[in-house]
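Model, not experiment: these values are computed from the prediction. Counting starts at 1 for both ligands and their atoms, in listed order. Side chains are part of it too, since the values below use all heavy atoms of this structure and drop only hydrogens, waters and symmetry mates.
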Amino acid sequence: MSKEVYYSSTRGDKSRMKASEAILRGLAPDGGLFVPDHIPQLEKSMRELAELSYQDTAYEVMKLLLTDYTEEELKYCISHAYDSKFDTEEIAPLSEADGAYFLELYHGATIAFKDMALSILPYLMTTAAKKNSVKNEIVILTATSGDTGKAALAGFADVPGTRIIVFYPKHGVSPIQEQQMVTQKGDNTCVIGIEGNFDDAQTGVKKIFTDPELASYMDSKGFQFSSANSINIGRLVPQIVYYVYSYCKLLKEGRIADDESINVVVPTGNFGNILAAYYAGKMGVPIAKFICASNSNKVLFDFFKTGEYDRNRDFVLTSSPSMDILISSNLERLIYHIAGDNSEADASYMEQLSKDGKYEITDEMREKLSCFYGGFATEEETFEAISDLFRNHSYLIDTHTAVAASVYKKYRAESGDTTATVIASTASPYKFTRSVMNALGEGDDSCDDFELADRLSELSGVSVPAAVESIRNAEVRHKTVVEKNQMESAVKAFLGI
Ligand SMILES: *Cc1c(COP(=O)(O)O)cnc(C)c1O
């Protein structure tokens, strides 16, 4: 039996929570993020794991980190999450193109990688509520840069004992992303646009979360908050699985030898996906380099280059909106770890970030970042990557994946590093059809995004996903737009309290 894993705050709050308690809470009481007290090692060898299905791999990984769930509970969650909602049996297939392996994480219900974690989170959460005898209704509060919102809505719609409220930047998501969210069915769902950007939405949500008065008022009305954002460890843990799985797949197919290291490239926004890769590495997957790809909002690129995190800059709207973020929440977990699991240091950096919008880490901490490489791609480079892969390698990718592909190409040219490389492919090209068509030189302003999807399908031979077809003519059910300082009242209005 492996040792129990407990979770505590990155900022010093002394409570030690079991996994199910941390998942229920989402955020630590002091506003910090939950981190594991140790990172367990995989129990089976990569060769043994390579014989397993995605679901069985998920069990092998998740049982090590979610130690208070029973085998029966975890297997129930896994089998209900990773089923025919995914349009490929493999759940996360790998495609080789132009000398890299694209790990396609977008075959779930809402065609973005958020489905990988959000199809299981509702099961983990409701199981946690049962285990902890929670009587309150759980209110999932979510800020989205476009993809988390829909994936969380799809996961939680009509789940008994839960309500879900999603805030998105009214002018910062793609038309297909918006249509996906505002047409969401389910009596327990609520979608609200805010006049602000993603960082405003995320800051507002965190504020609501950490307000103790509001929490006790909610409790008196029979509600308690939780989060579906990647600050919740229930998001992070399922994301570790596909890094283990993809390594094993390469091994099984003879593309790498035993113990051979790989690199991973991750198009990054809130730093959740790449942090999951980092944890996979700590658990024993041989990963040499974590290549963090940013778009023009290149705070992380600058951070890896200089050791200073500085959000004081203009927020740029790009064609990869799910990465338009200046405050990458999950970086806090990495900061905590490289400071030597030091919550005092972490709390001080986060206070500087909130006060001055910046902080600078020590040289000693920077040394621990040598396995990371930060890169960024401009809009032009992003479009070039889409066009090059399609025209020269017959492989169609979306704008976010293109940021990663472009950064990887520059990295390989610059470093000469020929290590086998997995690129996280985070969304279907059909979620960002207009940008993809523009990149291919096939843009047409007179067409709406759905007509463009039909044209893209003709051009590429890749059929329009069901997730897009099903919202084409769907009724708009959510029309509320609020100022960013009205988020709390919007929550209360929806709950009728
Ligand atoms: C959320 C998202 C990202 C960024 O992932 P993080 O975990 O926030 O770094 C990248 N691409 C797509 C398509 C996304 O939806």
What pairs with Phe450 under ring-ring contact (aromatic ring centres under 6.0 Å, His included), at least two apart in sequence or on another chain?
none

Here's a test for you: under salt bridge (charged side-chain N to carboxylate O under 4.0 Å, His left out), which of Lys410, Lys409, Lys298 qualifies with Glu381?
Lys410

Whether Lys358 and Asp302 form a salt bridge (side-chain N of Lys/Arg under 4.0 Å from carboxylate O of Asp/Glu) is what I want to check.
no

What are the polar N/O contacts of ligand 1 with the protein below 3.5 Å, with distances?
{"residue": "ligand 1", "atom": "7 (O)", "partner": "Gly272", "partner atom": "N", "Å": "3.2"}
{"residue": "ligand 1", "atom": "7 (O)", "partner": "Asn273", "partner atom": "N", "Å": "2.9"}
{"residue": "ligand 1", "atom": "8 (O)", "partner": "Asn270", "partner atom": "N", "Å": "2.7"}
{"residue": "ligand 1", "atom": "9 (O)", "partner": "Gly269", "partner atom": "N", "Å": "2.8"}
{"residue": "ligand 1", "atom": "9 (O)", "partner": "Asn270", "partner atom": "N", "Å": "3.2"}
{"residue": "ligand 1", "atom": "9 (O)", "partner": "Phe271", "partner atom": "N", "Å": "3.0"}
{"residue": "ligand 1", "atom": "11 (N)", "partner": "Thr426", "partner atom": "OG1", "Å": "2.9"}
{"residue": "ligand 1", "atom": "15 (O)", "partner": "Lys114", "partner atom": "NZ", "Å": "2.6"}
{"residue": "ligand 1", "atom": "15 (O)", "partner": "Asp147", "partner atom": "OD2", "Å": "2.5"}

For residues 238-245, dump all side-chain donor-acceptor pairs below 3.5 Å to protein atoms at least two apart in sequence or in another chain.
{"residue": "Tyr242", "atom": "OH", "partner": "Asn273", "partner atom": "OD1", "Å": "2.7"}
{"residue": "Tyr243", "atom": "OH", "partner": "Asn273", "partner atom": "OD1", "Å": "2.9"}

Looking at residues at least two apart in the chain, or sitting in another chain, which of them share a side chain to side chain contact (heavy atoms under 4.5 Å, CB included) with Asp199?
Asn197, Phe315, Ile325, Leu326, Ile327

Report the C-alpha distance between Met181 and Thr144 in whole Å, list the side-chain angles of each, state the deciding distance to 0.1 Å, and finish with yes or no for side chain to side chain contact (heavy atoms under 4.5 Å, CB included).
CA-CA 10 Å; Met181 289 190 278; Thr144 185; 3.9 Å; yes

